[in-house]
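This report refers to the structure that appears directly beneath it.
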Amino acid sequence: MDHQEEQEIAPSNEGFQFRMGLNDNKAGMEGLDKEKINKIIMEATKGSKFYDNELKKDQQVNQRIEKMLQQKSQLTISQIKKAQVQVDKLALELERSRDLSRVIVHVDMDAFYAAVEMRDNPELKDKPMAVGSMSMLSTSNYLARRFGVRAAMPGFIAKRLCPNLYIVPLNFDKYRAVSKEVREIFSEYDPNFLPLSLDEAYLDITDHLEERLTWPEERRRFLVGTGNSGNNSTAKCEPEETQCTSPELFEDFPTFLPDQCHDRSRQDTERENKERTQENVLVFGTSAEEAVREMRFRIEQKTTLTASAGIAPNMMLAKVCSDKNKPNGQYIIPHDRQAVTDFIKDLPIRKVPGIGKVTEKMLRALGITTCTDLYQQRALLSLLFSDTSWHNFLHISLGLGSTRIERDGERKSMSTERTFSEMSSAEEQYELCQQLCKDLAEDLNKEGLKGRTVTLKLKNIKFEVKTRASTVSYVVSTEDEIFSVAKEILKAEIDLASPEPLRLRLMGVRISGFLSENEKHQKSITSFLSLSKATKTKCSEMADKSDQATQAPAPQRESFFNQKRAARQQGLEQGSTSSEQNVNDVGLKTTDESKAPSAPSSSVCHEETIFICPVCNIRQDTSNLAVFNRHVDVCLNKGILEELQEHNPNQDPRRPIKTDLRNGECIKLTALGVFQLNRLLNAIKHLLLLLRTLHFSTYIHSFTTHFQRKLEDC
DNA sequence: GCGGATCAC
DNA sequence: TATGGTGATCCGC
């Protein structure tokens, strides 16, 4: 292996990772130099399956680079000149729309998990420690970093770098609790702040600053050492020590008021507390820097943990800034264009969020390492990269980024996955798969989500990852529904590998393709199919149960049909609330147009439900749902059986669908319990009816197209 | 829509 | 002994 590959394993951006500077070791200070660290890591990693896979991935990246350079060599000067004109046109446009009016802050807690653990266990304070397990570390403290121990490193390798390393298991509940405290402070500066993770957030403090100008000084005055952290009654919360208890993650960087803390004896401080309370008061100014300093001060007072912050006109810059004076520091880019371009000039592209190891390597192959390079090569980049990529590059090189902090929209996927020691038994694999589906179903249920795409993720013992997805025409959300799809994917993979077993080290299940708000009333296929079992009176109960999670609690909601009607009248698809759309509603009409049955409204409405069969379209003289369902079922079956007999009198409508469909095609259907031809047609017909009733013409189209051939076959 | 990859935390 | 889990996005089919 060549040197470059080694660099990939022990990343080449030490300047960034080892911020403390490994050569700055003071006399007597323990630690390892860069070379030694790389050597130990290599010895520990070489020859492992993990490393082999890393090499393989690296080769692939090299090939991508190769291909890119090949492309580059074929470009003509006139092509590049032409591109230059186009790119500069856009650049000018972007420049014109540059917005420097917002004050965006990115706040980042220093070595968060490690800091929390050290705070709660003082014995760890002066020891190298990391949070995680022997398999994987999440973060490490300052002392451990001197040995090259850092986040995303397996604990057993860290132990080789630093045999005295303490590894503390993750304790998310604790971090969440601390995070909540910090977020309470964030919200005072920006009620719409955007959390990125437990220890990071973006804030737009523009409005705060404007208001802050009108505040009396009193509102910017804070007592030192009397923060919330003093609420517990441990010894460390005495005033003179409160200031010192910030874990010394980075001893070179003092916490607030360090001189008072270190230089005063206890007696002195106590006396001064009484006599010179003025001295224990801090007043912050009205500028952005002062506001952020105040925020960080309050965080430290409340949690005894330190944070770093970046202040800039947009999110991208703020994020880069927060790293500049880490730990326990802040950095501001003033709000004028020159300051931005000065800052960007020598900025290594790798520091920009979104540019990772691979992109860095690709750009480096083009001689690009700084943002200036990035700008100078903008024409070339527009020819070698996709539109989204080079647009992004151009934004970066101009120092542009989002100026509005937008909260994330709806989630797009939900997943769960697990790593384990080698598992080769198919039986175990199915069992695990089911467990994952169960866990996922629980999570889905918490958020009331249902999706149409199930993705199975497999990683074999060679660390090769494979994903296989299956999108169904209905929604799934329960353990059984998800598993019925996932297990068929798994089966296909097992069959494919057979007679060799799948030798797995990880399995995961993901759901995506969630229903948008105005699709949520759709029924899952099981509750849908349950209608055809209408002889069982449990039908409506089952449907209710399976859709519990999507039921809107809105007391005054309109019935779905009323909303639809209103929407049609307005000529647009108004987003309906996720009002419960029971399958049985297919044939129901409510005479009262304004009120849902569950509405706690005081007015008593006389609501009369009319049952109209969606098949024969005849009003049924009953108010009993079970009776009505039975009628619909008979009606449906009658029609289907007649049709079947008509088209092919010799065909047994109850014969297995396996005889008609190819194996792969009936997988999903058999998984749902549709084994027979008549059941299949029943389901299709019923769904079509439902879709038609709901005016979902797009669905009807794709559905009928998909099944047309099957119908013809029948 | 699928599958592999990249990225961030 | 041992290299994570979750979510988003992009690219090229």
Check every strand shown and say whether [X] touches a base, only sugar-phosphate, or nothing at a heavy-atom separation below 4.0 Å.
X: R510(A); value: nothing
X: T359(A); value: sugar-phosphate
X: D199(A); value: sugar-phosphate
X: M414(A); value: sugar-phosphate
X: K466(A); value: sugar-phosphate
X: L198(A); value: nothing
X: I157(A); value: base
X: S133(A); value: nothing
X: R160(A); value: nothing
X: S421(A); value: nothing

Scan residues 392-409 of chain A for pairs that pass salt bridge (Lys or Arg N to Asp or Glu O under 4.0 Å), counting only residues two or more places apart or in two chains.
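Listed once each, the pairs are D99(A)-R404(A).
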By salt bridge (Lys or Arg N to Asp or Glu O under 4.0 Å) - contacts of D495(A) (at least two apart):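 D495(A): salt bridge (Lys or Arg N to Asp or Glu O under 4.0 Å) contacts with K491(A).
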_Taking the nucleotide of DNA chain C with the nearest heavy atom to each, does K67(A) or F420(A) sit closer to the 5' end?_
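Whichever sits nearer the 5' end wins; that is F420(A).
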### Message
Could you tell me how far apart D108(A) (CG) and dA8(B) (P) are, to the nearest whole angstrom?
### Response
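Value for this atom pair: 14 Å.
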Next on the checklist: How long is the straight-line distance from CD1 of I368(A) back to CD1 of I355(A), given to the nearest 0.5 Å?
Outcome noted: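 Interatomic distance, I355(A) CD1 to I368(A) CD1, rounded to 0.5 Å: 9.5 Å.
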Nearest-nucleotide check on DNA chain B, L196(A) vs Q60(A); residue mapping nearer the 5' end is Q60(A)
Donor on one side chain, acceptor on other, T471(A) and T453(A), under 3.5 Å
yes
* Does the side chain of S135(A) get closer than 4.0 angstrom to OP1 or OP2 of dG4(C) through an N or O atom? ->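 Negative; the distance criterion is not met.
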